[in-house]
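None of the values given here were measured: they were computed from a predicted structure. Order of the sequence lines sets the chain letters (A, B, ...), proteins ahead of strands, with each chain counted from 1.
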There are 2 protein chains.
Amino acid sequence: MTIKDIARLAGVTHSTVSRSLNDSPLVATATKERIKKIAQDTGYSPNSFARRLVTRRSNTLGVFFLSRGELNFMENFGTEFLDGIATASSSNGYDLLFFTMTRELSQKKSYIGLCREKHVEGVIFIGMTSDDPQLEEIASSDIPVCIIDFQLEGVGFVSTDNEKGTRLALDYLWSKGHRKIAYIGGPTVAPVAMIRERCYQNYMVEKGLGPFLEIFRGDFTTKSGYAQTLDLLRSEKLPSAIMAANDYMALGSVKALKEKGLRVPQDMSVVGYDNVLAGEYADPGLTTVGQDSTEIGLSAVRYLFDKIQNKKPPLTRLINPCLVLRDSVSSVHNKDVP
Amino acid sequence: MTIKDIARLAGVTHSTVSRSLNDSPLVATATKERIKKIAQDTGYSPNSFARRLVTRRSNTLGVFFLSRGELNFMENFGTEFLDGIATASSSNGYDLLFFTMTRELSQKKSYIGLCREKHVEGVIFIGMTSDDPQLEEIASSDIPVCIIDFQLEGVGFVSTDNEKGTRLALDYLWSKGHRKIAYIGGPTVAPVAMIRERCYQNYMVEKGLGPFLEIFRGDFTTKSGYAQTLDLLRSEKLPSAIMAANDYMALGSVKALKEKGLRVPQDMSVVGYDNVLAGEYADPGLTTVGQDSTEIGLSAVRYLFDKIQNKKPPLTRLINPCLVLRDSVSSVHNKDVP
DNA sequence: AATACTATTGCACACGTGTGCAATGGGACA
DNA sequence: TGTCCCATTGCACACGTGTGCAATAGTATT
């Protein structure tokens with residue numbers, strides 16, 4: 001079923017049919033309606049390849065997704081990003097072409113070259129790593145690019161607002177009466193770790209207290225969270241709550257506290273960051289800060305659409321995080337009431 | 001840069017160029033080489049839309065992925081499926097079109113209709129649910145379909161070999177000297193749960209013992225694993241190992257054992273099933289049975305390719321599972337040596 | 001040497017859709 | 001009533017690639 005078939009049925013030429021289906025003002029309203037009716041009834045759907053050939057527009061976005069085989073820390077976020085991306089593009093009539101990035105591919109074929117070959121109008125990278133050899137090529141790409149959770153000079157960037165997230169958790173602790181809040185930070189080489197840590201410091205200073213104890217630092221692993229917490233417990237003054245820069249360290253912290261005979265949350269509250277799956281099944285369920293991964297995906301697509309339409313969208317978008325309430329935090333006055 | 005441009009450069013017609021690049025035997029080897037050289041040097045890549053228009057083949061597979069918004073139990077497997085699928089299709093020169101399935105979409109647009117519209121040659125479903133209203137339409141689809149982890153009359157089906165997996169875990173326990181192996185099964189309404197449970201029974205009978213204790217049954221949640229284990233510990237005879245039908249129940253089991261003062265694995269070994277993320281960060285690390293998710297993805301694609309080429313591939317493929325060794329199992333003779 | 005056969009190339013059309021330009025017809029205005 | 005203008009439609013070409021058939025040239029066969 002092509003527009004020619006419809007043309008025959010309607011007694012017009014394929015030009016008129018084409019114009020009708022594209023809502024051209026050049027065609028009489030009556031004929032337009034008649035033709036649309038026929039298209040509807042016959043279940044016509046346009047041949048996208050023919051259309052793309054002549055319009056020179058593909059209506060397609062590309063997604064490059066880091067392969068699971070490579071070391072990555074995406075947890076389950078990846079599918080949520082994809083969810084948002086797919087929803088946003090399909091609701092705008094765009095197709096989504098999916099690729100995986102492996103170390104092998106990164107050295108063999110050009111991502112941007114692939115995009116050009118597939119006539120992709122815009123591309124999103126998920127799980128980009130700083131050792132990827134194609135970073136410069138991506139930065140100088142003439143087709144619109146947006147990278148999730150990875151900042152690269154001059155290209156679109158969408159991520160969570162880490163500052164707002166940390167503040168969200170601290171506000172929550174504060175509202176529960178906590179004042180003695182200790183912090184276990186991440187490694188200094190990780191940009192997000194430093195952002196979150198700085199925010200903690202500012203927050204405590206704003207409240208007129210300053211950081212409780214010096215800042216302990218782990219390396220984002222459960223083991224390091226465990227070790228740092230044991231260190232922390234050796235201090236002369238004890239906090240009423242511990243915030244960790246990510247969930248895995250928070251879980252390690254809980255483990256250390258339990259081993260030392262402290263109950264969570266009755267004796268000590270703990271909050272993490274990231275909303276990792278393990279935190280949901282942990283005991284107690286870990287209160288944490290989660291990112292709105294679907295919204296991040298949506299935003300990435302919106303950026304690309306703006307870019308495609310030659311609007312000048314801001315390069316970076318920070319998405320509002322959300323507090324995930326579970327059972328690892330209690331009010332401070334409950335502390336002595338078991 | 002089109003074949004016409006190359007034709008001009010080579011002093012031939014576009015027909016010869018087309019034939020050369022497609023390795024037609026109709027063209028002289030010398031010209032063929034010369035033309036290929038030019039194509040190489042100019043960085044020519046064919047316009048896939050034009051090609052698809054005329055060949056009436058899209059070289060494209062589709063993937064429908066259950067949206068995270070809908071209740072699903074895919075954990076992190078989803079991205080590994082995708083990984084395998086993308087790898088297999090791209091290495092065969094196929095593109096991959098990505099869609100998400102939401103409840104809304106399932107009632108508004110036809111999946112198969114979408115596939116037809118996009119000229120997809122084969123389609124894979126990930127996360128299909130039994131309440132999807134389009135199951136019959138999928139079953140009677142004329143375009144090749146393969147569903148992962150969901151069996152539907154007459155359509156391709158790829159999944160893990162649950163029988164082999166259970167046997168793998170039991171063999172491991174057996175090799176560690178365990179003979180008193182208790183089992184916590186899943187809900188009777190879950191097909192995989194029944195397969196795994198039956199296999200446990202057969203195994204124990206084969207070994208001349210029969211099941212140790214009656215079979216306890218949970219509902220796949222951590223809570224139920226916890227409760228069933230407490231029940232189990234009230235028996236007059238105690239096992240040396242517990243196998244659970246999935247990881248979440250196994251984690252619940254560990255929790256119950258710890259609370260009762262039993263050390264895992266010194267006093268009691270525990271194995272799970274599924275290789276869920278939480279098991280990796282649990283304490284002790286959970287020994288379990290994992291599926292080779294990437295291989296499942298690869299197999300799904302292979303099935304589609306066979307189907308597309310009119311071979312008659314078997315409808316169902318069961319992929320070999322693998323044992324994931326961590327720290328929740330010890331040898332039985334260590335039991336009394338702390 | 002004439003003929004037949006084969007290897008190689010070009011011509012022309014097809015795939016389905018979009019669009020500039022010409023053609024047609026009808027209505028309004030003088 | 002004649003002219004002009006505008007609304008509507010058709011004609012023809014383009015997009016880039018593939019392929020059946022004809023044409024040509026070169027080689028082998030008799």
Side-chain angles (χ1 to χ4, degrees), chain A residues 1-40 42-60 93-95 113 115-121, chain B residues 1-40 42-60 93-95 113 115-121:
Chain A
M1 180 55 63
T2 73
I3 54 171
K4 292 194 180 179
D5 298 323
I6 297 184
R8 199 175 315 118
L9 263 58
V12 292
T13 52
H14 78 277
S15 312
T16 309
V17 176
S18 172
R19 278 191 269 257
S20 296
L21 299 180
N22 289 336
D23 258 338
S24 161
L26 286 177
V27 49
T29 339
T31 16
K32 193 186 288 187
E33 292 307 323
R34 188 161 52 94
I35 288 173
K36 278 185 177 175
K37 179 76 166 46
I38 297 179
Q40 180 78 29
T42 55
Y44 164 82
S45 85
N47 184 317
S48 49
F49 301 139
R51 172 178 288 173
R52 289 167 187 188
L53 178 59
V54 61
T55 59
R56 316 187 74 67
R57 304 200 56 219
S58 67
N59 281 279
T60 302
Y94 269 66
D95 287 346
C115 288
R116 211 183 312 279
E117 193 173 323
K118 307 294 183 186
H119 299 93
V120 154
E121 293 183 29
Chain B
M1 180 55 65
T2 73
I3 54 171
K4 292 194 180 180
D5 298 323
I6 297 184
R8 200 175 313 119
L9 263 56
V12 292
T13 52
H14 78 277
S15 314
T16 310
V17 177
S18 172
R19 278 190 270 258
S20 297
L21 298 179
N22 290 336
D23 259 337
S24 161
L26 287 178
V27 50
T29 339
T31 14
K32 193 188 287 186
E33 291 308 322
R34 189 162 50 94
I35 288 172
K36 277 185 178 176
K37 178 76 167 45
I38 298 179
Q40 181 78 30
T42 55
Y44 164 82
S45 85
N47 184 318
S48 50
F49 302 138
R51 172 177 287 172
R52 289 169 186 184
L53 177 60
V54 61
T55 60
R56 317 188 74 67
R57 304 199 56 219
S58 69
N59 281 280
T60 302
Y94 268 65
D95 288 347
C115 288
R116 210 183 311 281
E117 192 172 325
K118 307 292 182 187
H119 299 92
V120 154
E121 293 182 29

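For the OP1/OP2 pair of C:dG16 and a distance below 4.0 Å, the side-chain nitrogens and oxygens of A:Arg51 include no atom meeting the criterion. Proximity of B:Thr2 to the phosphate of D:dG16: no side-chain N or O atom is located under 4.0 Å from OP1 or OP2. Here A:Ser18 does not reach the OP1 or OP2 of C:dT19: none of its side-chain N or O atoms lies under 4.0 Å away. Distances shown here put every side-chain N or O of A:Tyr44 at or beyond 4.0 Å from the OP1 or OP2 atom of C:dG16.
When rounded to the nearest whole Å, the span between NZ of B:Lys4 and P of C:dC13 equals 14 Å. Taking atom CZ of A:Arg57 as the reference point, atom C1' of C:dT19 lies 16 Å away to the nearest angstrom.
Counting atom types as modelled, A:Arg52 pairs no side-chain N or O with a base atom of C:dG18 as donor and acceptor under 3.5 Å. Looking at A:Arg56, its side chain has no donor and acceptor atom pair within 3.5 Å of the base of D:dG16. In this model, a side-chain donor or acceptor of A:Ser15 finds a partner on the base of D:dC11 within 3.5 Å. The base of C:dG18 is paired with the side chain of A:His14 by a donor and an acceptor separated by under 3.5 Å.
Each of B:Ala28 and B:Ala50 lies near DNA chain C, and the nucleotide nearest B:Ala28 is the one positioned closer to the 5' end. If B:Asn47 and B:Arg19 are placed on DNA chain D by their nearest nucleotide, the residue sitting closer to the 5' end is B:Asn47. The 5' end of DNA chain C is approached more closely, in terms of each residue's nearest nucleotide, by B:Val54 than by the other of B:Val54 and A:Leu26. Residue A:Lys32 is the one, among A:Lys32 and A:Leu53, whose nearest nucleotide of DNA chain D lies closer to the 5' end (criterion: closest heavy atom).
Between B:Glu121 and B:Tyr94, the shortest heavy-atom contact is OE1-OH, 2.7 Å. Between A:Asp23 and A:Lys32, the shortest heavy-atom distance links the atoms OD1-CD, 3.6 Å.
Heavy atoms of A:Val12 sit under 4.0 angstrom from primed sugar atoms or phosphate atoms, though from no base atom. Residue A:Thr31 is classed as a sugar-phosphate contact, given heavy-atom separations below 4.0 Å to backbone atoms only.
Between B:His119 and A:Phe49, the angle of the ring planes lies from 30° to 60°, which puts this pair in the tilted group.
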